[in-house]
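For reference, the structure discussed in these notes is given below.
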Protein chains: 2
Amino acid sequence: MLSDLQQEFMLHFGEMGSRWGINRTVGQIYAVLFLSENPLCADDLVARVGVSRSNVSMSLKELQGWNLVELRHKPGDRRDFFKTPDDMWQIVRTLVEERKKREIDPTLTKLRQLEMRQTPRDDAYAHARITEMRELIELLTGWYDEMNRLETERLVALLNMGARLQQFARKARLLPARKTKPEI
Amino acid sequence: MLSDLQQEFMLHFGEMGSRWGINRTVGQIYAVLFLSENPLCADDLVARVGVSRSNVSMSLKELQGWNLVELRHKPGDRRDFFKTPDDMWQIVRTLVEERKKREIDPTLTKLRQLEMRQTPRDDAYAHARITEMRELIELLTGWYDEMNRLETERLVALLNMGARLQQFARKARLLPARKTKPEI
DNA sequence: TTGAAATTTCAGAAATGTCTGAAACTTCAG
DNA sequence: CTGAAGTTTCAGACATTTCTGAAATTTCAA
């Protein structure tokens, strides 16, 4: 049912799952869908991944919660078929968005809330530290929001620029000229 | 021992721990160290977090594995004292670096390895999909490496530019001029 | 309606992960 | 050396998460 290539890819995603904050089955199901040219139904996944039907059902629910799979239907067939988006960039955007939502937003909210609080004098350091953290997170997420607004084509162009970015920023006087390194 | 502010911050880090791929105690210990002006020793952490001595020991080991804490010593005291780096940017750089090492590098290696393989004709789609994924990860990590080379000061300047980045890239002819939006 | 196909829910079993106390180990002053 | 202070290790207790099969629910053609 799965080629060696597909099988090994699936097992890798299962193993990495715990590091990525999803469980093994979810990782494996995602991997199989990712490599499949055609949408698959739940029973296809049972056959390919080798876990119970109910586990597949719950895992698909979780993947839908992450917006990582799309639902498809075939005429005259009431089963749900699933596929991953064709566009890798779409997948990356979704992943970053969802991780931000789960891993960063709750903390940002908490930091703001703690900062509001009346702070006793002797907590000044902790308070300052929390502010520092909040400000840095806001800078990074704000910048991420900007990047996210770019269409993929332009974003790729920007990323491909890579090292050259600094030079251009300097030329455009967005950054100070490079300090000359002291000779040894 | 801990103020309300510190306590709530610590508990939040404990709760978020599982989403961040660390366990509760590790998150709590990190939180306490982060807010503490002075380095703390293991027994300080036992008192503040309220877990066993051995748990603190193992958690500190894990934090050291992540390079998220620094070791300090006081003259005439053989205990190890711990603190988080003062520089928030340093912390972010470490976090990203370590997560890349754990969550991305192993997969990049695996993808390259799978790509090398002789692929049967009917696996062309899966093979192409793996290539696509590898190329995108390489683009993103390559760009990350470039950004990582920037000193913090310049990086902050770039991030603060935010939206303006696109305009300047366009002016510098790094991106095509904006398409005029069709009027409604 | 009815009932067959498909899906979801859920209680408990299985597997994993975390935490503790006790024991082992390390270090170093005396 | 010796032993006191500090630290680490680890087996098993405890807690959480994941997985399954059986039962409940939904869907829709006939």
Side-chain angles (χ1 to χ4, degrees), chain A residues 10-11 13-33 38-66 68-83 102-103, chain B residues 10-11 13-33 38-66 68-83 102-103:
Chain A
M10 172 194 80
L11 292 176
F13 269 55
E15 285 161 13
M16 294 300 287
S18 54
R19 300 195 192 186
W20 296 336
I22 57 177
N23 72 37
R24 187 160 36 107
T25 308
V26 172
Q28 290 179 342
I29 286 178
Y30 183 81
V32 169
L33 290 175
N38 309 116
L40 301 177
C41 72
D43 283 318
D44 294 334
L45 290 164
V46 169
R48 278 156 225 241
V49 177
V51 294
S52 72
R53 183 63 183 72
S54 55
N55 197 356
V56 168
S57 175
M58 291 195 304
S59 300
L60 285 170
K61 262 291 172 72
E62 182 161 355
L63 284 172
Q64 286 176 278
W66 278 83
L68 279 174
V69 293
E70 292 171 4
L71 209 53
R72 293 299 170 84
H73 287 99
K74 299 188 181 184
D77 187 333
R78 6 198 197 97
R79 289 174 298 175
D80 289 336
F81 287 79
F82 299 87
K83 75 186 299 295
R102 281 153 225 254
E103 301 184 6
Chain B
M10 172 193 82
L11 293 177
F13 269 54
E15 285 160 14
M16 294 300 287
S18 54
R19 299 196 193 185
W20 296 336
I22 58 178
N23 71 36
R24 186 160 37 107
T25 308
V26 172
Q28 290 179 340
I29 286 178
Y30 183 80
V32 169
L33 290 175
N38 309 116
L40 301 176
C41 72
D43 283 319
D44 294 336
L45 291 164
V46 169
R48 279 156 225 240
V49 177
V51 295
S52 72
R53 184 62 184 70
S54 54
N55 196 356
V56 168
S57 175
M58 291 196 303
S59 299
L60 285 171
K61 262 290 172 70
E62 182 161 354
L63 284 172
Q64 286 177 276
W66 278 83
L68 279 174
V69 293
E70 292 171 3
L71 210 52
R72 293 299 170 83
H73 287 100
K74 300 187 181 185
D77 188 333
R78 14 199 192 91
R79 289 174 298 174
D80 290 335
F81 287 79
F82 298 88
K83 74 186 300 295
R102 281 153 225 255
E103 300 184 5

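In what follows, every heavy atom counts, from backbone to side chain, and hydrogens, waters and symmetry copies are set aside. Quantities reported herein were computed from a predicted structural model and do not represent experimental measurements.
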Calculate the interatomic distance between B:Leu60 atom CG and D:dT9 atom C1'; express it in whole Å. 15 Å
Determine: side-chain N/O of A:Ser57 to OP1/OP2 of C:dT8, distance under 4.0 Å, yes or no. yes
Contact letters for nucleotides 10-27 of chain C, in which S counts primed atoms plus P, OP1 and OP2 and B counts the base, heavy atoms under 4.0 Å: --------SSBB-----B
Need one value for B:Asp43: base, sugar-phosphate or nothing, where a base atom within 4.0 Å counts as base even if backbone is also close, heavy atoms only. nothing
Distance in angstrom units between B:Asp77 CG and D:dA4 C1', rounded: 14 Å
D:dT7, OP1 or OP2 - any side-chain N/O from B:Lys61 closer than 4.0 Å? no
Applying salt bridge (charged side-chain N to carboxylate O under 4.0 Å, His left out) to A:Arg102 and not counting sequence neighbours gives A:Glu98
So do A:Val26 and A:Trp66 actually touch side chain to side chain, heavy atoms under 4.5 Å? no
For residues 38-56 of chain A, which residue pairs qualify under salt bridge (Lys or Arg N to Asp or Glu O under 4.0 Å), counting only residues two or more places apart or in two chains? A:Asp43-A:Arg53
Whole angstrom value for the distance that separates C1' of D:dT8 from CZ of B:Phe82: 12 Å
What side-chain donor-acceptor pairs closer than 3.5 Å can you find for residues 56-64 of chain B, not counting sequence neighbours?
from	atom 1	to	atom 2	distance (Å)
B:Ser59	OG	B:Asn55	O	2.9
B:Ser59	OG	B:Asn55	OD1	3.4

Rounded to whole angstrom units, what separation is found between the CG atom of A:Asp44 and the P atom of C:dA6? 11 Å
A:His73 atom NE2 is separated from D:dC28 atom C1', nearest whole Å, by 13 Å
In whole Å, I'd like the distance from the CG atom of A:Leu71 to the P atom of C:dA6. 15 Å
Taking all non-hydrogen atoms of both residues into account, name the closest pair between B:Leu33 and B:Phe82 and its distance. CD2-O, 3.4 Å
Pairs in or reaching into residues 18-32 of chain B: which pass salt bridge (Lys or Arg N to Asp or Glu O under 4.0 Å), with residues at least two apart or in two chains? none
In whole Å, I'd like the distance from the CD atom of A:Glu62 to the P atom of C:dT8. 14 Å
Tell me the interatomic distance from A:Lys74, atom NZ, to D:dC28, atom P, rounded to whole angstroms. 18 Å
Those residues that, when tested against B:Arg72, pass side chain to side chain contact (heavy atoms under 4.5 Å, CB included) (two or more places apart): B:Pro39, B:Glu70, B:Phe81, B:Lys83
